[in-house]
Amino acid sequence: MLESALVKYFDGEQIEKTAANELLYRVKTVNRGILTGTRISISALVLLHNKEINFQNLADKIIETVKNTHSISSRHISCTWLFCSESGGIYLHEAIATKENRRRKGMRNRFVVINTLNGTVSFGPGHKDNQKTSDTIRALFDKSKVIPREQWEQAFSKVITGLTQF
């Protein structure tokens, strides 16, 4: 249920779908400056179907897509990555959020890991919002049967938007 809700939130901007993962993205903001040029902030959703993660390949696909769509260089891209996995958590976050991955070809990256089985969210080891956000997502899924679908989707969208704004 969590995966399908996230895919719906990202509204079908799919870049890649393989046996290993699915990659979707969503533009958050586009800022045009006279001296600095165009800067773009995006969110990327990676649905992991196995234990393999080729972040360099995923980042290169995002850079290529955004360059082709918005005609800007990679140093003007800021991306918040949502990695979703059945075995996601702090260890997966530590494996992804390496120094090399935080800056890839000039693109600035932040990482959030979501466990799709239990709704656990990891912004990083010991992050103050890990527990609060995980509890919010779990409570939202507990309420999914008793509140109208439209109201639930609005609340879910608000939570996910908060995840990508940290």
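Just the heavy atoms: all of them, side chains too, but no hydrogens, waters or symmetry mates, feed the values below. Position 1 is the first residue of the sequence; numbering continues from there.
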J.: Considering only residues two or more places apart or on different chains, which pairs with a residue in residues 141-151 satisfy side-chain hydrogen bond (donor to acceptor under 3.5 Å, both in side chains)?
T.: Arg149-Glu153
J.: For residues Leu2 and Leu117: do they belong to one hydrophobic cluster (side chain heavy atoms under 4.5 Å, members Ile, Leu, Val, Met, Phe, Trp, Tyr)?
T.: no
J.: Checking side-chain contact (heavy atoms from CB on, under 4.5 Å) for the pair Leu23/Lys17: CA distance, chi angles, key distance, verdict?
T.: CA-CA 6 Å; Leu23 175 62; Lys17 185 173 185 172; over 6 Å; no
J.: For the residue pair Asn21 and Leu47, establish whether any side-chain heavy-atom pair is separated by less than 4.5 Å.
T.: no
J.: Taking C-beta and beyond as the side chain, do Ile15 and Ile62 meet within less than 4.5 Å on heavy atoms?
T.: yes
J.: Ser157 pairs by side-chain contact (heavy atoms from CB on, under 4.5 Å) with which of Thr161, Ile160, Val159?
T.: Thr161
J.: Do Arg138 side-chain atoms and Asn118 backbone N/O form a donor-acceptor pair below 3.5 Å?
T.: yes
J.: Using the side-chain contact (heavy atoms from CB on, under 4.5 Å) rule, take Leu58 and Val46 through it: C-alpha gap first, then chi angles, then the decisive distance, then the call.
T.: CA-CA 9 Å; Leu58 295 171; Val46 180; 3.9 Å; yes
J.: Any chance you could measure Ile53, atom CD1, to Gln56, atom CD, to the nearest 0.5 Å?
T.: 10.5 Å
J.: With a 4.5 Å limit on heavy-atom distance, are the side chains of Trp152 and Leu140 in contact?
T.: yes
J.: What distance separates Ile77 CD1 from Lys67 NZ, expressed to the nearest 0.5 Å?
T.: 7.5 Å
J.: Under 4.5 Å between any side-chain heavy atoms of Arg26 and Tyr9, yes or no?
T.: yes
J.: Is there a side-chain contact between Thr120 and Ile114 (heavy atoms, below 4.5 Å)?
T.: no
J.: For Lys61, which residues count as a salt bridge (Lys or Arg N to Asp or Glu O under 4.0 Å) partner, sequence neighbours excluded?
T.: Glu16
J.: Side-chain contact test, heavy atoms from C-beta onward, threshold under 4.5 Å: evaluate it for Asn31 versus Thr29 and give yes or no.
T.: yes
J.: Kindly say whether Gly124 contributes a backbone atom to a donor-acceptor pair with the side chain of Asn130 at under 3.5 angstrom?
T.: yes
J.: For Thr65, check side chain to side chain donor-acceptor pair (under 3.5 Å) against everything at least two apart and list the hits.
T.: none
J.: Mind checking whether Lys28 and Thr80 have side chains closer than 4.5 Å, heavy atoms only?
T.: yes
J.: Can you name the salt bridge (Lys or Arg N to Asp or Glu O under 4.0 Å) partners of Asp60, sequence neighbours left out?
T.: Arg104, Lys105
J.: Charged N to carboxylate O below 4.0 Å: is that the case for Asp135 and Lys132?
T.: no
J.: Could you tell me which residues satisfy salt bridge (Lys or Arg N to Asp or Glu O under 4.0 Å) with Arg103, sequence neighbours excluded, listed by chain and number?
T.: none
J.: Side chains of Met107 and Cys79: closer than 4.5 Å at any heavy-atom pair?
T.: yes
J.: Could you list the donor-acceptor pairs under 3.5 angstrom formed by side chains in residues 81-96, with sequence neighbours left out?
T.:
{"from": "Trp81", "atom 1": "NE1", "to": "Asn109", "atom 2": "OD1", "distance (Å)": "2.8"}
{"from": "Ser85", "atom 1": "OG", "to": "Ser87", "atom 2": "N", "distance (Å)": "3.1"}
{"from": "Ser85", "atom 1": "OG", "to": "Ser87", "atom 2": "OG", "distance (Å)": "3.4"}
{"from": "Ser87", "atom 1": "OG", "to": "Lys51", "atom 2": "NZ", "distance (Å)": "3.0"}
{"from": "His93", "atom 1": "NE2", "to": "Phe111", "atom 2": "O", "distance (Å)": "3.0"}
{"from": "His93", "atom 1": "NE2", "to": "Phe123", "atom 2": "O", "distance (Å)": "3.0"}

J.: Would you give the length of the straight line joining atom NE2 of His76 to atom OG of Ser41, rounded to the nearest 0.5 angstrom?
T.: 13.5 Å
J.: Checking Arg102 side chain against Ala97 main chain: does a donor-acceptor pair fall under 3.5 Å?
T.: yes
